[in-house]
Amino acid sequence: MPPLIVVDNVSRVFTSGARIVNALERISFEIQTGEFISIVGPSGCGKSTLLKIISGLLPASSGKVAVNGDLVINPLENVGMVFQAPVLLKWRSVLGNILLPVEFAKLDLPSHVEKARALIKLVGLEGFEEMYPHELSGGMQQRTSLCRALVTDPQLLLMDEPFGALDAMTRDELDLELLRLWEEKKKTVIFVTHSIQEAVFLSDHVFVMSARPGRLLEMLSMDLPRPRTLEMMSSPKFGEYTLKIRGLLSAGGGATEVIAGSTA
Amino acid sequence: MKPSTSNIIEPILFFLALLILWEILVEVIKVPAFILPPPRDLWLAFIGKLPILGHHALITFIEAFGGFALSLLLGIGFAIAVVYSRHLNNTVYPLIVILYAMPKSAFAPLMVIWVGYGLFSKIAIAFLVAFFPVVVNTVVGLKEVEPELLELARINRGSQFDVFKKIRLPNSLPYMFAGIKVAIVLSVTGAIVAEFVAANEGLGYLVLQANYSLDTAFALVILLTLAVLSLGLFWLVEIVQRKLAPWSAAVRQVEGSF
Ligand SMILES: Nc1ncnc2c1ncn2[C@@H]1O[C@H](COP(=O)(O)OP(=O)(O)OP(=O)(O)O)[C@@H](O)[C@H]1O
Ligand SMILES: [Mg+2]
């Protein structure tokens, strides 16, 4: 099968005034349909920038990105996005927030209300449909944001440190839920995280990036059985992988900025 | 935050105590009535001149509310135009900011020349004073949208109009109301100042008359009436806000000036 995503020699330069920032330098990789990819790297190495370039929200300075064989020029259509903060509309209920993309895309509302309700059930938000964001915990807000990303049934899910602001236990819980969703719905996921353990736990492959200018240091395959369980975190192989990634990151300069996984 | 009975009783007791203290002090120190009349005199003045007070209060209300309504209409419309038009944002908005920094009430004498002696010059000043807080706050509210929400809209091919209707406008409501609350109080001030300059009606005119005849009790009654008027209007806005934007309990505001 041809790869779903091809990133070919992508660089990105930001100029703000006289200052020039080389955010990304000659990044190349391929992602197959259905894979779970994590990206780790020191703060400011261009992870968010990379996600934005893949989604077509931001143009690359050079190089190209193709999804499904098509060059990405405009924002992708079939993509779900989850951000570090839930960014919900304060004036909308859980259900209303989840349906926002449906309304933007002018899709059929009734059938998507059904989909939204099914997702709400899947992430354990049943009974909270009519609650407003300020009545929800951080974890519940991020669950809502996850449902919002999934409601249009996108093939590709881009997640930028989605659970970074949550406590370790809630994060574990949501990681497990995400894996369940991913296995059930056969999505392709690109997941940015600061937590090495979270990356190892979730992914088929972990992409390790260097400090600015962001380069791809290594792509590591996580050869761990699925479905993943929290117990696997104490397996020798798991420890080996986290150690390897940590080593790469400190060699790449910027290890101090990487928060070692809080999932331990 | 719970509305307990002590939250209601305490201020009432405090104000009662204040009134009694006032009465006693005036009696004991023997302050001349034209400097500080006892509360009793205020009450008598209020009862005795109620019809006059009512008439002039109505005039001031019409001026203030007219200016305020105009500032809402034009202020919100203008804010939207500025946010959506780069040209307006580059040309007219800086002009607005310069005007904003001027003492608007100083326009009152000019306004008499421009618009005349009657009601409209007062409405114009009330409008001028109320316009800026509405514009400035609404512009901020329309602009300060989380960028992720705009990305979400772009990914899902949301129209400009949908972004306005579903994100920018509701996002601006708390800011807008913060501005509106400043505006409604300022519009009363604006009307009064305009009446000071040139008028034969209204509470501003009336308070000058009371001053000329050294009727301090009545002057104080008029000031209290103004406070009640401002507070009433403020609460009205508060009620509308609770209905229209219940999520916007407290948002910082860009302050207004007059
Ligand atoms: N719009 C922009 N204008 C100018 N510089 C930018 C812009 N966006 C990002 N940068 C710069 O590009 C670099 C990479 O930013 P990016 O947000 O992609 O990093 P990141 O890896 O996501 O960091 P973090 O882990 O802290 O979220 C940073 O140095 C940042 O200052
Ligand atoms: Mg980032």
Side-chain angles (χ1 to χ4, degrees), chain A residues 48-49 51-59 67 72 74-93 96-107 112 131-136 142 144-145 148-162, chain B residues 1-3 76 79-80 83-84 137-181 237-253:
Chain A
S48 300
T49 305
L51 279 196
K52 277 191 192 151
I53 290 175
I54 292 173
S55 68
L57 286 168
L58 191 77
V67 173
V72 175
N74 293 312
L76 290 178
E77 261 179 81
N78 211 6
V79 62
M81 304 210 296
V82 185
F83 312 98
Q84 177 159 15
V87 278
L88 302 175
L89 302 178
K90 296 187 257 316
W91 52 90
R92 283 191 177 212
S93 66
N97 265 291
I98 294 173
L99 290 172
L100 184 67
V102 177
E103 293 174 25
F104 276 142
K106 305 234 179 330
L107 303 173
H112 282 86
M131 297 274 217
Y132 284 81
H134 73 270
E135 302 170 300
L136 304 176
Q142 205 48 284
T144 307
S145 152
R148 180 179 62 187
L150 290 168
V151 72
T152 52
D153 210 11
Q155 153 186 49
L156 175 62
L157 208 51
L158 302 178
M159 307 180 76
D160 195 353
E161 298 184 44
Chain B
M1 291 296 275
K2 260 184 296 174
I76 293 171
I80 294 170
V83 168
Y84 278 93
N137 283 283
T138 307
V139 165
V140 170
L142 288 169
K143 278 187 179 170
E144 282 198 353
V145 167
E146 282 156 309
E148 288 90 348
L149 288 173
L150 302 180
E151 290 176 1
L152 212 62
R154 278 180 68 197
I155 285 284
N156 292 290
R157 304 292 187 271
S159 66
Q160 280 282 340
F161 183 64
D162 268 354
V163 170
F164 174 72
K165 196 176 72 177
K166 293 173 200 274
I167 297 181
R168 286 196 193 275
L169 190 61
N171 187 72
S172 76
L173 283 183
Y175 299 85
M176 200 190 284
F177 271 104
I180 291 174
K181 282 181 188 164
V237 174
E238 181 92 21
I239 289 167
V240 174
Q241 176 174 19
R242 294 236 168 106
K243 277 258 172 291
L244 232 57
W247 69 91
S248 64
V251 153
R252 76 195 171 79
Q253 64 191 38

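From a predicted model like this one, the values you see are computed outputs, not experimental measurements. Note that these values count all heavy atoms, side chains included, but never hydrogens, waters or copies made by symmetry.
- For A:Leu107, no part lies near chain B; criterion is any non-hydrogen pair under 4.5 Å.
- Counting heavy atoms from C-beta on, the side chains of A:Thr144 and A:Pro86 never come closer than 4.5 Å.
- Surrounding NZ of A:Lys52 are at most 12 heavy atoms belonging to other residues, nucleotides or ligands under 6.0 Å away.
- Annotation for B:Arg242: atom CZ does not count as buried by contact number, only 12 or fewer foreign heavy atoms lying within 6.0 Å.
- Taking 4.0 Å as the cut-off between side-chain N and carboxylate O, A:Arg92 and A:Glu103 count as a salt-bridged pair.
- Looking only at heavy-atom pairs under 4.5 Å with chain B, the residue among A:Glu77, A:Lys90, A:Met81, A:Lys106 that has the most is A:Glu77.
- With a 4.5 Å cut-off on side-chain heavy atoms, A:Leu51 and A:Glu161 do not count as touching.
- For chain B, the nearby part of A:Leu89 is the side chain; its heavy atoms alone come within less than 4.5 Å.
- Note: B:Pro170 leads B:Pro170, B:Gly158, B:Ser159, B:Ala153 in heavy-atom pairs under 4.5 Å with chain A.
- With a 4.5 angstrom heavy-atom cutoff, B:Glu151 touches chain A via backbone and side-chain atoms both.
- Heavy-atom pairs under 4.5 Å with chain A were tallied for B:Ile155, B:Val163, B:Asn171, B:Leu173; the largest tally goes to B:Ile155.
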